[in-house]
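Please read these numbers as outputs of a predicted model, since none were measured by experiment. By convention in this document, chain letters (A, B, ...) are assigned in the order of the sequence lines, proteins followed by strands, and residues within each chain are numbered from 1.
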Amino acid sequence: MSSIGPSSRSIVGRLLAHRSARWALAVIALLVVAAIAGPWFTAHAGHEQLDIVKLKNTPPSWRYPFGTDQYSRDLLTRVLLGARISLAVATLAVLLSTTLGTAYGLISGYAGGAVDAAMMRVLDGFLSIPRVLLLIAILTLWNPVPLSGLILLLGATGWFGVSRIVRAQTLATRHLEYVESARALGAGTGRILLRHVLPNIVTPVIVTATLAVGNVIALEAGLSYLGVGAREPTPSWGSIFFDGVEFFAGNWWVVFFPGVAIVATVLAFNVLGDALRDVLDPRQLHRSAPVTPGTQPRENG
Amino acid sequence: MRRQLAARLAQSLIVVIIVTTISFFVIRSAPGDPFSYESTTITPAIRDHWREQFGYNRPLPVQFIRYVTSVAHGELGYSFQMHEPVAVALAAAVPRTLLLTGLALGLSFLFGIIIGVLQATHRDGWFDRVTSAVLLFFYSLPDFWAALMILLLFAYWWPVLPAGNIVDPVMHDYMGGWEALVDRLRHLALPVLSFTLLTMAGITRYQRAAMIETLPMDFIRTARAKGLSERRIVWRHALRTALTPMVALLGLMLPALLGGALFIEKVFAWPGMGLLAAGAVAARDYDLVTATVIAGSVMVVIGSFFADLLHMAIDPRVRE
C-alpha cells in the first residue's frame, strides 16, 4: 500500500546520497548561478557588436572562449544570457503544464464513471495531435511571439501525459480507507482532493515535471531553430543558433556551444528525474509502466 | 472485441475531424492569404479578383462548409506555392516521409529491443552501465542539434556522405540501375542514422524496464525448472511477455515521431511532409496546410489503430 509521501528532509538526504543525482544537482545549480550572475561578469553586453569588420565570425580563442557570431557579438555572453531565457521559459511552462495536468487528472480520476470516460476520450484525442506540428502552426502565425505567449503555448500543450498518470494514481487512491473515512467524516470534495489525494500522487508528478523541464528546453530550442520561437534580440539558446545555422559548416561554434549548453541541461534534468524516481517510491511508479515518464517517447526538438 | 474496434475507429475519425477543423480556422485567422505573397507587380484589383474566384472573401463558416464538401468529394484543392494540385504535392512527399520514418522506426525497435533485453539480463553489469549512460546521452540530445552535428561530422569534416536531398540533384538521372540505388542509399544513410539513434534511446529504456519486470515472474521460474536453455527462456518466453508494453509504446510514439521527422527533414533537406507543411504555413497556402495536417493525423490514427490491433492480438487481457 502506498503511504503519504516521504518527508521532504529524507528526500533531500537520499538524493544527496545518490551519486548521479549529486552530479545532476551540481550541474543545475551551476547553470542557475551562471544564468543569474554570469552576464554581469563577462566583458561585453550580449547585444554589443564588437567590431563588425574584424571580429565577425571569429573562432573560439582565449579572449572569446566561445568565438563570436556573424554580427561580431561575444557568444559566451550570449549563451549565458540564453541560460536565463531558456531556463525561465522551461520552468514556467512546466509549472503551468503540471498544474493543468494534475487538475485535469485529479478531477477525471476522482469523478469516475461517465465524466472520467468522457474526459479520457478527449485526452486520447489531444495525445494523438503531434505537439511539434501544432506549435509550429500556431507560432508561425503568432510571430514574433512574446516570451509570455511562448510559455503559455508550451504549457498548454504539455499537460496530457501528466494528467494520465495523475488520473491513474487518483483512481487507485480514491477508494483507500483513509480517503473513505475522510469522506465519512464529512470532508468536502475540494478538501479531500487537496489534502488527502494530492499528497499521495505528488511523487510521480515531481518526477514527470523534472523530466519535462529538460524536454521543454530542447523543444523551445528546436522551435527557435525553425525560426518560430523566441526571436532577436532575445537570446534563448535556440535563437542563438537560428542566426548561425545557415553557415554552420564555416562557423560551427555558433551551433556547437549553445547546443552543448542545452545537452548538459537536458541531461542533468533527465538524470535528476531518474534519480528522483529511484529515491522516491520506485514501486509506486513502476505500476504505471506504460506511461513511466523517463521512458515516454521523446517529444523534444 | 469487434465493438471495441468499431468504437476505436469512430473515435479516430472524430480526432481527424477535430484536427482538421482546428487547422482550418487557425491558418485562416492569420494575417494574409495565399495571394498576399504573390509577386508585387500584381495589382490589388487582380488579387481581389482571385480572392473572389477562390471564395476567400466569403465568410469563414461558408468557406469551411465548401472546403469540407470538396474534401468529402476527394478534392483537396490547389497549392499556390507549389503551383500544382495539393494531391500531387502530397503524393510526392508522403512516401518520402514514410520511407525515412519507417526505416528509422524499424531499426530503432530492432536495436532497442536487443539492447534492452541484454541490459536487463546483465543488469548492473558493465554492458548495462555503459549502454545506459550512452543512450541517456542520446535521449537528452535535441533532435535537430544531434542531426546537425552528425551532418557536420560526416558531410563536412570527414565528407564521406552527401549532406542532404534524396538523390544527387545533378548526376542521379545519368546513373545506371545499381549506381542509382547506391546513390539513394547514400542519401538515406545520415537522416536514418540520426533518426534511429535518437528514437532508439527511449525504446531501449522502455524495453529494459519491461524485461526487468518480467524476469522475476513465476512462469520464467517454471521454464527454468523445466530445464530450458537460458537463451530460449530469455528470447522466447520472457521477451514475448515483455514485448506487450512495447506495442502500446509504438502507438503512443507516432505523433512525436512525426514531429521528430520534421526536424530531421529540415536538417537534411529531405523533401517530405514536414518540410512541405512548414513551407505551406509560412506561405499561407491554405489548402496545402490543411491537407498535410489531415494526412499527418490520418497516418497517426491508422498507425495507432494497427498498434491497438497488434496489442489485442498478443495480449488477451486487452480483448475483454
Output a table of donor-acceptor pairs, distance under 3.5 Å, between side-chain atoms of residues 274-283 of chain B and any protein atom two or more places apart or on a different chain; print 'none' if there are none.
none

Side-chain donor-acceptor distances from residues 261-273 of chain A under 3.5 Å, at least two apart:
residue, atom, partner, partner atom, Å
A:Thr265, OG1, A:Ala261, O, 2.6
A:Asn270, ND2, B:Ser140, OG, 3.0

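By the 6.0 Å contact criterion, CZ on B:Phe137 is open, its count of non-hydrogen atoms from other residues, nucleotides or ligands being 12 or less.
The backbone N or O of A:Val260 lies less than 3.5 Å from no partner atom in the side chain of B:Trp145, so there is not a single donor-acceptor pair.
If you measure heavy-atom distances from B:Ile18 to chain A, you find no contacts under 4.5 Å at all. Of the atoms belonging to B:Val293, not a single heavy atom falls under 4.5 Å from chain A.
Side-chain contact check for A:Leu226 versus B:Phe144: every heavy-atom pair is 4.5 Å or farther apart. Counting only heavy atoms from C-beta outward, the side chains of A:Trp252 and B:Met149 never approach each other to under 4.5 Å. You'll find the side chain of B:Leu258 stays beyond 4.5 Å of the side chain of A:Val132, heavy atoms only.
How far CG of B:Leu148 is from CZ of A:Phe256: 12.5 Å, rounded to the nearest 0.5 Å.
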